[in-house]
Amino acid sequence: MLDIKRIRDNYTEIKEKLSHRNEDLGTFDQFETLDQQRRDLIAKTEVLKAERNQVSEQIAQKKRNKENADAEIAHMRKVGDDIKVMDTDLRDVEDKFRDMMMRLPNIPHESVPVGDTEDDNVEVAKWGDIPAFDFEVKAHWDLGTDLNIIDFERAAKTTGSRFVFYRGLGARLERALMSFMMDLHSEEHGYEEMLPPVIVNRDSLTGTGQLPKFEEDVFKLADTDYFLIPTAEVPVTNFFRDEILDDEILPKGFSAYSASFRSEAGSAGRDTRGLIRQHQFNKVELVRFVKPEDSYDELEKLTGHAEKVLQLLGLPYRKLKMCTSDLGFTAAKKYDLEVWIPAQGTYREISSCSNFEDFQTRRANIRFRREAGAKPEYVHTLNGSGLAIGRTVAALLENYQQADGSVVIPEVLRPYMGGKEVIQAPTK
RNA sequence: GGAGGAAUACCCAAGUCUGGCUGAAGGGAAUGGUCUUGAAAACCAUCAGGCGGGUUAAACCGCGCGGGGGUUCGAAUCCCUCUUCCUCCUCCA
């Protein structure tokens, strides 16, 4: 959520900034009207409430003295009714106002390039050499199927499309990647390891910004107010919801491994084959809680942590600074890391690293105090994938494939793979 | 799933039956001070924080006794509902 006072003071400027985003601004035009109505009603009801408090005190006094207070009581009955009516009006206005505010996207940071399409994203770095193959490369779904380590067909049978079984060394590879990434982040990058619930409530999804606007993107459990998490960002960021943190714990980083679930509404027909777009996938997510003045340095740091995973795995990638229209709803600034996918001859997103500034913490009410007695301030939050594991498997299989259809295991993963160096096609 | 019990400020805890100087007793912790060579102990003092309205800033006002509704002139106190925790039974990885 945005700072109401800031909008009040800079309405035109903020409206202009938001207009560069690829987002519907809803009823933002009504901001000034609703804001004014709201404040008027608050002022009016509070005058009456002050009177009620005062006169109730007098009534109490009279009652204690066994005096008659019928006149006051009659008068207060009227005041009470008026308050009730105004409170109802106020509630309506506040609901409207709040809903409007909750549907407004974050304001892009000044360093974010203005743009209308993904072509306006700026490549800021490129790492690794694109592998040259002297044979025809296979797509990861063919590699995985032929190696008997990935099974889409049976997953379609047991569940449906966009689900997958990993088996044998495929399952082992997924687990190895998870351990490798988690170890790297906790041992080298200073994150505290976390294993969160994969089901959250409505407040949590509202806190991180998925709700109220994007309810169709998440899976909801029937007859409950529970949702499957689309990313571990949701439970981990909400870990500190409604808390005032001690400034000594900042910056604080959590790395969380979890399954993520996405309905992929609106993506029908896209990436229908393979591991790129699944309803369920595993991901290591990095979440950081930092002081406002540090958050842009922290974004570089966080992105570096994700990049480190790709580098150690020897996967070629590029780093994009996302333009205003490609920021997503919640980010003020975002980098995407895209990994090379040989069979597609292109880079595909494997990590997204964002600075939300105080956008999420205003919603989730997460603050900190600089010192005892100081006014609480909103913390800044950041997060990034470090990395999406399914897409990492896809990239590994394709980039490390050999002419005979086998796949070499990157050295850093071998300790996690029982020393194995190659995934071979089954002999039988 | 069944039957009970509980939720009060940083912590513990009175008040709830019998609604009204309780904007919340009393402890503890914390902070400041006296004393002491220093510390401890003792003693004194301070100790809702927060949110919202308002203001140049204040003053001032409103809301807060788990959350949300309701009854009432008035609710920590009565009613409804939700959440969480505890005990017992049942079930279970």
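Letters A, B, ... mirror the listed sequences (proteins, then strands); counts begin at 1. Note that these values count all heavy atoms, side chains included, but never hydrogens, waters or copies made by symmetry. None of the values given here were measured: they were computed from a predicted structure.
Closest contact between the side chain of A/Glu57 and the listed nucleotides B/rC21, B/rC51, B/rC61 involves B/rC21. When distances are taken from the side chain of A/Ile42 to each of B/rG20, B/rG52, B/rG62, the shortest belongs to B/rG52. Of the listed nucleotides (B/rG20, B/rG62, B/rC51), B/rC51 has the atom at the smallest distance from the side chain of A/Arg367. Nearest to the side-chain atoms of A/Arg91 among the listed nucleotides B/rC61, B/rC21, B/rG70 stands B/rG70.
Contact between the side-chain N/O atoms of A/Arg369 and the OP1/OP2 oxygens of B/rG49 is not found at any separation under 4.0 Å. Contact check, A/Arg64 against B/rG20: no side-chain N or O comes under 4.0 Å of OP1 or OP2. Taking side-chain N and O atoms only, A/Arg52 has no distance below 4.0 Å to OP1 or OP2 of B/rC73. Contact annotation: A/Asn53 side-chain N/O to B/rC63 OP1/OP2 distance is under 4.0 Å. At the phosphate of B/rG52, neither OP1 nor OP2 sits under 4.0 Å from any side-chain N or O atom of A/Lys5.
We find that CG of A/Leu48 is positioned 16 Å from P of B/rC73, with the value rounded to whole Å. Distance, A/Asp3 CG to B/rG52 C1': 14 Å, rounded to whole Å. A/Asp203 places its CG atom 14 Å from the P atom of B/rG67, with the value rounded to the nearest Å. Rounded to a whole Å, the CD1 atom of A/Ile244 is 14 Å from the P atom of B/rA9. Atom P of nucleotide B/rU72 and atom NZ of A/Lys63 are separated by 15 Å, given to the nearest angstrom. The distance between atom CG of A/Asp40 and atom C1' of B/rG52, rounded to the nearest whole Å, is 15 Å. Distance, A/Asp242 CG to B/rG67 P: 11 Å, rounded to whole Å. If you measure from atom CZ of A/Arg241 to atom P of B/rG50, you get 21 Å, rounded to the nearest angstrom.
Ring planes of A/His189 and A/His185: tilted class, angle from 30 to 60°. Between A/Phe97 and A/Phe31, the ring planes are tilted. Angles from 30° to 60° get that label. Taking the six-membered ring for Trp and thresholds of 30 and 60 degrees, A/Tyr11 and A/Phe28 have ring planes inclined between 30 and 60 degrees apart.
Using a 4.0 Å heavy-atom cutoff across all strands shown, A/Lys44 reaches no nucleic acid atom at all. At a threshold of 4.0 angstrom between heavy atoms, the contacts of A/Ile59 include nucleobase atoms, whether or not backbone atoms are also involved. Across all strands, A/Lys84 comes closer than 4.0 Å only to sugar-phosphate atoms, never to a base (heavy-atom distances).
Remark: B/rA58 base-pairs with no nucleotide; criterion is Watson-Crick or G-U wobble with both hydrogen-bond distances under 3.5 Å. Here B/rC63 sits opposite B/rG50 as a Watson-Crick or G-U wobble pair (both hydrogen-bonding atom distances under 3.5 Å). Pairing for B/rU77 is absent, with no Watson-Crick or G-U wobble pair whose two atom distances lie under 3.5 Å. Pairing of B/rU36, defined by two Watson-Crick or G-U wobble distances under 3.5 Å, is not identified with any nucleotide. In this structure B/rA45 sits in a base pair with B/rU31, meeting the Watson-Crick or G-U test at under 3.5 Å. Across the strands present, B/rC85 finds its partner in B/rG5; the criterion is a Watson-Crick or G-U wobble pair with both atom distances under 3.5 angstrom.
Between A/Arg103 and A/Asp99 there is a salt bridge, with a side-chain nitrogen of the basic residue lying less than 4.0 Å from a carboxylate oxygen of the acidic one. For A/Asp294 and A/Lys301, the salt-bridge test fails: no basic side-chain N is under 4.0 Å from an acidic carboxylate O.
Side-chain contact of A/Ser204 with A/Asn201: a donor-acceptor pair under 3.5 Å is present, judged by distance alone.
Taking atom P in both B/rC88 and B/rC47, one finds a spacing of 43 Å when rounded to whole Å. If you take atom P in B/rA41 and the same atom in B/rG28, they sit 12 Å apart, rounded to whole Å. With both ends at atom P, the span from B/rA25 to B/rG15 equals 14 Å, rounded to whole Å. Across the C1' atoms, B/rG38 and B/rG52 are found 49 Å apart, a figure rounded to whole Å.
Closest-nucleotide positions on RNA chain B for A/Tyr226 and A/Val47 were compared, and the one nearer the 5' end corresponds to A/Val47.
Contact of A/Glu46 with B/rG52 (side chain to base): a donor-acceptor pair of N or O atoms is detected under 3.5 Å.
A/Lys252 forms a cation-pi arrangement with A/Phe254, by the criterion of a distance under 6.0 Å to the ring centre and an angle within 45° of the ring axis.
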